[in-house]
Amino acid sequence: MNSQELFERARQVMPGGVNSPVRAFRAVGGTPLFIARALGSRLFDVEGQSYLDYCMSWGAIILGHAHPVVVEAVQKQIVCGTSFGTCHELEVLMAEEICRVFPSIEMVRFTNSGTEAVMSALRLARGYTGRTLVVKFSGCYHGHVDSLLVQGGSGLLTLGIPDSLGIPEAFAQTTILLPYNHVEEVTKAFSQWGEKIAAVIVEPVAGNMGVVVPSREFLETLRQVTLDYGALLIFDEVITGFRVSYSGAQGYYGIFPDLTILGKIIGGGLPVGAYGGRRAIMEYVAPEGKVYQAGTLSGNPLALSAGYAVVTYLRDHPEIYSELECRTQRLALGMKSIFQNAGIPVHVNQLGSMLTLFFSQEAVHDSASTSRVDRRLYADFFHEMLRNGVYLPPSPFEAMFLSLAHSDDDIDMTLEIAQKFASKRGFFSP
Ligand code: KE4
């Protein structure tokens, strides 16, 4: 059975044939891959074809697929049981390590996904402040939380309108949508709505419009204005937590939120999300306080065994971050020069081990500038790389991720294939 045949069957029994829309290849066309197994930096599809993986389960895998420390931890745990629905030691160990590493986090609650953690953190922010409105930014994605699936209203400072069927207007109107990296809109919104704003939620380094790095002034303004008006600042570090540094983007920038969302890497590829923050806020969460939140499998031993194995490995090998940064920078600079020398407009946004190639005339610093990216060219690039055994994210608006398993030879191979593509599509040959 090949991917095409499996996809035909999948489409009969699952919407779009997938369990998450972006996997359906709608942004690039073609048939999604059905992967049978993965090891290190590679995926192997159901026909045994191998691909160098730059999606890495959307950033959840940082050590490489099936890393021995993860396999060993999960094998050890699974024979002891998968979920007890009770307390167990791994929850304490993982919570203590997160609180040790993130100075802004004194208490944490585990969930089963990033979406669940975001939903809970918004409820907590509203419960703690007694306010309703939440500010989010265009191009940032925080999971499929009803009130955050909104698009801009008519003017900049209007309340959101639903961006999905099934979301009541009233939910969308609790959200103010602002442009990412635009300081003046933030200060204007707070001067107009500040006393009613419960929280600002932001990806401190955006990954869901492709990688967009914030200006320091933007993050500093968010921190200051929320303090001035008594709103909470929420850093959604589902991607950046343990990715851009061992203490996430907040550790990298030295700007600390009131609440932090974690996911992906802390599950080591199994379902784990988390939200955490100052004790005074987290003590509002049930059963301690009156903000209800629960989950049958929250913090279950099997998922935390994988996540704790990854987090402690990163703790014990801090040199990983500079290694990943160097290798990712080499890939970013290599791609940039290949396309520029071929006369193909490109901007590469990179921070730590996450990057995005934007085929764009202009620098990409917010969601408006991503709308002018050449999507067709990205789709052609995606399929050329795929034909040559390299799997990029199947969307121009996602981040590429490197892992510890990505070697210098992997980078060389990637750049060679990109060079061939650019020579064919470009206006000048090297
Ligand atoms: P999950 O519910 O998918 O675990 O997390 C939602 C989420 C929250 N916050 C950020 C910053 C995120 O990036 C995500 C999920 N990311 C997407 C892709 N970038 C997951 C891929 C998918 O939806 O299939």
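Values below: every heavy atom of this structure, side chains too, minus hydrogens, waters and symmetry copies. If you read the sequence from its start, that first residue is 1, and numbering goes on from there. Order of appearance sets the numbers: ligands from 1, and atoms from 1 within every ligand.
With respect to atom 9 (N) of ligand 1, the closest heavy atom belonging to the protein is Asp236 OD2, 2.7 Å. For atom 22 (C) of ligand 1, the nearest non-hydrogen atom of the protein is Ser20 OG, 3.3 Å. Nearest protein neighbour of atom 21 (C) of ligand 1, counting heavy atoms only, is Trp58 CG, 3.7 Å. Of the protein's non-hydrogen atoms, the one nearest atom 20 (C) of ligand 1 is Lys264 NZ, 3.5 Å. Closest to atom 10 (C) of ligand 1 among all protein heavy atoms lies Tyr141 O, 3.3 Å. Scanning all protein heavy atoms for the shortest distance to atom 3 (O) of ligand 1 gives Thr115 OG1, 4.5 Å. Looking at atom 7 (C) of ligand 1, its nearest protein heavy atom turns out to be Gly143 N, 3.7 Å.
The aromatic rings of Tyr229 and Phe190 lie tilted to each other, with the angle between the two planes from 30° to 60°. Using bins of under 30°, 30° to 60° and over 60° for the plane-to-plane angle, the ring pair Tyr391/Tyr51 lands in the perpendicular bin. Ring geometry for Phe339 versus Phe381: interplanar angle over 60°, hence perpendicular rather than tilted (30 to 60°).
A donor-acceptor pair shorter than 3.5 Å cannot be found between the side chains of Glu8 and Gln12. Defined by atom type and a distance below 3.5 Å, a donor-acceptor pair is present between the side-chain atoms of Gln329 and Glu325. Judged by distance alone, the side chains of Glu398 and Thr356 never bring a donor and an acceptor atom under 3.5 Å apart.
For the pair Asn300 (side chain) and Phe84 (backbone), a donor-acceptor distance under 3.5 Å is absent. Listed for the Ser245 side chain is a donor-acceptor partner under 3.5 Å among the backbone atoms of Ser247. Side-chain atoms of His182 never come within 3.5 Å of backbone atoms of Phe218 as a donor-acceptor pair (strictly under, hydrogens ignored).
Considering backbone and side-chain atoms alike, Asn208 places an N or O below 3.5 Å from some N or O of ligand 1. The N/O atoms of Gly114, backbone and side chain alike, include one that comes under 3.5 Å of an N/O atom in ligand 1.
Close contacts between ligand 1 and Val22 involve ligand atoms 22 (C), 24 (O) [criterion: under 4.0 Å to a heavy atom]. Close approach of ligand 1 to Ile239 (heavy-atom distance below 4.0 Å) involves ligand atoms 13 (O). Under a 4.0 Å criterion applied to the non-hydrogen atoms of Glu203, ligand 1 contributes the atoms 11 (C). Shown in contact with Ser113 at under 4.0 Å from a heavy atom are these atoms of ligand 1, numbered in order with element: 2 (O), 4 (O).
Contacts of Glu116 with ligand 1, taken as heavy-atom pairs under 4.0 Å, are absent altogether. Contacts with ligand 1 closer than 4.0 Å are made by backbone heavy atoms (N, CA, C, O) of His142 only, the side chain lying farther away.
With respect to Arg278 and Asp258, a salt bridge is recorded, a charged nitrogen being found less than 4.0 Å from a carboxylate O.
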